[in-house]
Amino acid sequence: MAFASNNPQLTSRALSVLRIVSAYLLIQHGTAKLLGFPHVAYFDGLQVLSLIGFAGILELFGGALLLLGLFTRPVAFMLSGLLAFAYFIGHASKGFVLSPMLNGGESAVLFCFVFLFMAAAGGGAWGIDALRAKK
């Protein structure tokens, strides 16, 4: 897309929007696990000190840091690993490993690669990291 490549300011802002929306969606996974909102019956009675509970903690607090654009690169890298782990532990065993559509793992794979991209590209113009970089 020639327009975006010729406009680094637009690209940086679009990256910020991707970061903010992705973080918001990930936070919902964490709140569903830890706070019961939105309600997902699978998470009823979830033990916080379990693998899924620990994932919820990382999703909630890592998502909040990403939403703010604070420590974006290391947090995104850690969350990318979390989502790769979630895919292979929670989804790949439910069907053909190379077809996330068949095993319910599409969102885990997509989050994984979006966060891996953010680990490499940063969080964009709108975030605390960008403000700190200006100083």
Side-chain angles (χ1 to χ4, degrees):
M1 184 167 152
F3 178 71
S5 64
N6 291 331
N7 192 338
Q9 190 175 32
L10 177 62
T11 302
S12 184
R13 290 175 179 169
L15 179 57
S16 292
V17 171
L18 177 65
R19 175 184 49 79
I20 291 164
V21 170
S22 298
Y24 173 72
L25 294 174
L26 186 69
I27 288 170
Q28 289 186 37
H29 285 263
T31 59
K33 290 176 177 104
L34 300 175
L35 307 175
F37 180 79
H39 181 257
V40 176
Y42 182 79
F43 301 133
D44 287 347
L46 177 74
Q47 299 290 323
V48 175
L49 296 178
S50 67
L51 202 54
I52 296 174
F54 183 64
I57 292 168
L58 292 176
E59 290 163 349
L60 181 60
F61 291 103
L65 288 172
L66 280 186
L67 189 69
L68 297 170
L70 181 61
F71 307 119
T72 300
R73 289 176 192 263
V75 170
F77 185 73
M78 183 226 17
L79 290 173
S80 177
L82 168 71
L83 274 298
F85 185 74
Y87 177 74
F88 285 106
I89 297 297
H91 297 282
S93 63
K94 293 180 182 176
F96 187 55
V97 69
L98 296 178
S99 184
M101 184 174 157
L102 297 178
N103 60 33
E106 286 178 299
S107 64
V109 172
L110 189 57
F111 274 128
C112 176
F113 282 95
V114 166
F115 294 144
L116 186 59
F117 174 72
M118 285 181 207
W126 299 325
I128 295 173
D129 290 339
L131 292 173
R132 290 173 36 188
K134 289 181 182 178
K135 292 182 179 182

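All heavy atoms count here, side chains included; hydrogens, waters and symmetry mates do not. Remember, predicted model here, so these are calculated numbers, not experimental data.
- A continuous path of Ile, Leu, Val, Met, Phe, Trp and Tyr side chains, each step under 4.5 Å between heavy atoms, connects Tyr24 with Met78, placing both in one hydrophobic cluster.
- When all heavy atoms of Ala125 and Ala130 are compared, the pair lying nearest together is O-CB, 3.2 Å.
- In terms of hydrophobic clustering, with Ile, Leu, Val, Met, Phe, Trp and Tyr side chains grouped at heavy-atom distances under 4.5 Å, Val21 and Leu18 are assigned to a common cluster.
- Two residues are said to be in side-chain contact when any heavy atoms from C-beta on lie closer than 4.5 Å; Leu82 and Glu59 meet this criterion.
- Judged by distance alone, with hydrogens and angles left aside, the side-chain atoms of Arg73 form a donor-acceptor pair with the main-chain N or O of Ala120 at under 3.5 Å.
- In terms of heavy-atom proximity, Val40 sits nearest to Ala32 at CG2-CB, 4.0 Å.
- Listed by chain and residue number, Asn7, Arg13 satisfy the side-chain contact (heavy atoms from CB on, under 4.5 Å) test with Gln9 (two or more places apart in sequence, or in another chain).
- Pairing each heavy atom of His91 with each of Ala108, the nearest pair is CD2-CB, 4.2 Å.
- Ile52 contributes atom CD1, which lies 11.5 Å from atom CG of Leu34 (distance to the nearest 0.5 angstrom).
- The shortest distance between side-chain heavy atoms of Arg132 and Asp129 falls below 4.5 Å.
- Here the shortest heavy-atom pairing between Gln47 and Ser50 reads O-OG, 2.5 Å.
- Taken together through direct or relayed side-chain contacts under 4.5 Å among Ile, Leu, Val, Met, Phe, Trp and Tyr, Leu15 and Phe71 form part of one hydrophobic cluster.
- Contact record, Ile27 with Leu67: CD1-CD2, 4.1 Å, taken as the closest heavy-atom pair.
- With hydrogens and angles disregarded, no donor-acceptor distance shorter than 3.5 Å links the side chain of Ser99 to the backbone of Phe96.
- One distance of note links CG of Leu68 with CG of Leu131; it measures 11.0 Å at 0.5 Å rounding.
- Counting only heavy atoms from C-beta outward, the side chains of Val75 and Phe61 never approach each other to under 4.5 Å.
- With hydrogens and angles ignored, the 3.5 Å screen pairs no side-chain donor or acceptor of Thr72 with any backbone N or O of Leu66.
- Between Phe111 atom CZ and Ser80 atom OG the span is 12.0 Å, to the nearest 0.5 Å.
- Summarising the geometry of Gly123 relative to Ser16, their closest heavy-atom pair is O-OG, 3.2 Å, with the distance given to 0.1 Å.
- Applying the side-chain contact (heavy atoms from CB on, under 4.5 Å) rule to Phe77 yields the partners Leu116, Ala119; only residues at least two apart in sequence or on another chain are considered.
- Hydrophobic clustering (ILVMFWY, side-chain heavy atoms < 4.5 Å, transitive): Val114 and Val109 are in distinct clusters.
- Atom CG of Leu35 and atom CZ of Phe43 lie 12.5 Å apart (nearest 0.5 Å).
- Two residues are said to be in side-chain contact when any heavy atoms from C-beta on lie closer than 4.5 Å; Leu58 and Phe54 meet this criterion.
- Two different hydrophobic clusters hold Phe85 and Leu60 under the rule that ILVMFWY side chains link at heavy-atom gaps under 4.5 Å.
- Under the 4.5 Å side-chain criterion, counting only non-hydrogen atoms from C-beta, Leu26 is in contact with Phe115.
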Quick one, Val97 with Tyr87, criterion side chain to side chain contact (heavy atoms under 4.5 Å, CB included). Give me CA distance, side-chain angles, the key distance, then yes/no. CA-CA 9 Å; Val97 69; Tyr87 177 74; 4.2 Å; yes
Stepwise side chain to side chain contact (heavy atoms under 4.5 Å, CB included) check, His39 with Asp44: CA-CA 8 Å; His39 181 257; Asp44 287 347; 2.8 Å; yes
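- With values rounded to the nearest 0.5 angstrom, Met101 atom CE is found 11.0 Å from Asn103 atom CG.
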